[in-house]
Asker: 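Can you keep this structure in mind? I'll have questions shortly.
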Amino acid sequence: MSAEELENYETDMELALYREYRDVVHLFSYVVETERRFYLANSVDLDVKSAAGEVYFEVKLADAWVWDVYRSKRFVKSVRVVTFKDVNIEELTPAEISL
């Protein structure tokens, strides 16, 4: 496979992922962004914790969809994310859901 074919394949995969996002976003209530992933979810629980003087975040999501081009199944029942980085949680409104 040439570099151009590989680039075209990756572009096609990203476009398919965007189309899937567009088709499912109306099913979810929250957008959650971490340093590694982007999620859509219907339930979000954020818990701020500390250990050895360090603050970290534990985020639990239920009924979620994961933005990840390399996952074969993006719908997941539950997700637990632990991170020392920022977490952004936004509640979607019906107007925001319309693309």
Side-chain angles (χ1 to χ4, degrees):
M1 181 178 272
S2 72
E4 184 177 333
E5 289 173 323
L6 181 58
E7 187 173 320
N8 289 340
Y9 174 77
E10 289 177 345
T11 300
D12 290 344
M13 293 290 291
E14 289 173 6
L15 181 58
L17 181 61
Y18 171 75
R19 287 179 177 149
E20 183 177 328
Y21 166 82
R22 183 190 62 201
D23 292 343
V24 302
V25 68
H26 70 279
L27 301 172
F28 298 94
S29 301
Y30 298 93
V31 172
V32 179
E33 293 177 88
T34 69
E35 80 279 1
R36 297 198 53 195
R37 297 276 191 276
F38 176 90
Y39 303 90
L40 298 171
N42 282 321
S43 175
V44 178
D45 180 34
L46 174 66
D47 193 11
V48 181
K49 299 186 174 204
S50 63
E54 296 287 332
V55 174
Y56 66 97
F57 305 97
E58 181 176 11
V59 186
K60 294 178 184 173
L61 310 173
D63 186 24
W65 180 88
V66 184
W67 180 289
D68 186 341
V69 73
Y70 300 107
R71 290 179 66 98
S72 60
K73 295 182 181 180
R74 285 181 271 280
F75 288 97
V76 291
K77 184 176 180 178
S78 64
V79 177
R80 179 177 169 258
V81 178
V82 177
T83 181
F84 287 93
K85 307 273 182 153
D86 291 340
V87 175
N88 184 38
I89 300 170
E90 296 179 30
E91 186 171 5
L92 295 171
T93 62
E96 291 172 322
I97 293 173
S98 300
L99 294 177

Asker: I'd like to know if the side chain of R74 and the backbone of D68 have a donor-acceptor N/O pair within less than 3.5 Å.
Answerer: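 Confirmed, R74 side chain pairs with D68 backbone.
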Asker: Quick one: are T83 and E35 in side-chain contact, heavy atoms under 4.5 Å?
Answerer: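 Answer yes - side chains close enough.
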Asker: Could you walk me through whether L40 and V31 pass the side chain to side chain contact (heavy atoms under 4.5 Å, CB included) check?
Answerer: CA-CA 5 Å; L40 298 171; V31 172; 3.8 Å; yes
Asker: Can you tell me how far CG of L17 sits from CD of E10, rounded to the nearest 0.5 angstrom?
Answerer: 13.0 Å
Asker: Once you round to the nearest 0.5 Å, how far does CG of L92 lie from OH of Y30?
Answerer: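 Taking CG in L92 and OH in Y30, the distance rounds to 9.5 Å.
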Asker: Are V59 and V55 joined in one hydrophobic group, where the rule is that I, L, V, M, F, W and Y side chains link up if heavy atoms are under 4.5 Å apart?
Answerer: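 In one cluster with V59: V55, yes.
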Asker: At their closest point, which heavy atom of A41 faces which heavy atom of A62, and how far apart are they?
Answerer: CB-O, 3.9 Å
Asker: List the atom of F75, the atom of F28, and the distance in Å for their closest heavy-atom pair.
Answerer: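 Nearest heavy atoms, F75 then F28: CE2-CZ, 3.8 Å.
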Asker: Atom CZ of residue position F38 - does it have more than 12 heavy atoms of other residues, nucleotides or ligands inside 6.0 Å?
Answerer: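 Above 12, so yes.
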Asker: Decide yes or no on side chain to side chain contact (heavy atoms under 4.5 Å, CB included) for Y39 and T34, but give the supporting numbers first.
Answerer: CA-CA 8 Å; Y39 303 90; T34 69; 4.3 Å; yes
Asker: If you count heavy atoms of other groups shown closer than 6.0 angstrom to CD of E5, is the number above 12?
Answerer: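 Check passes, neighbour count above 12.
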Asker: Donor-acceptor pair, D86 side chain versus E33 backbone, under 3.5 Å?
Answerer: no
Asker: With rounding to the nearest 0.5 Å, note down the distance linking CD in E14 to OH in Y21.
Answerer: 15.5 Å
Asker: Do W65 and M13 sit in the same hydrophobic cluster, where Ile, Leu, Val, Met, Phe, Trp and Tyr count as joined when their side-chain heavy atoms come under 4.5 Å apart?
Answerer: yes
Asker: Give the C-alpha distance, both sets of side-chain angles, the deciding distance and a yes or no for side chain to side chain contact (heavy atoms under 4.5 Å, CB included) between V79 and R37.
Answerer: CA-CA 11 Å; V79 177; R37 297 276 191 276; over 6 Å; no
Asker: Grouping I, L, V, M, F, W and Y whenever their side-chain heavy atoms are under 4.5 Å apart, do V25 and V66 come out in a common cluster?
Answerer: no
Asker: Kindly work out whether a path of hydrophobic side-chain contacts (I/L/V/M/F/W/Y, heavy atoms less than 4.5 Å apart) joins V87 to V81.
Answerer: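 Yes, V87 and V81 fall within the same hydrophobic cluster.
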Asker: Hydrophobic clustering (ILVMFWY, side-chain heavy atoms < 4.5 Å, transitive) - are L27 and L61 grouped together?
Answerer: no
Asker: Partners of K73 by side-chain contact (heavy atoms from CB on, under 4.5 Å), sequence neighbours excluded?
Answerer: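 By the side-chain contact (heavy atoms from CB on, under 4.5 Å) rule, K73 matches no residue at all.
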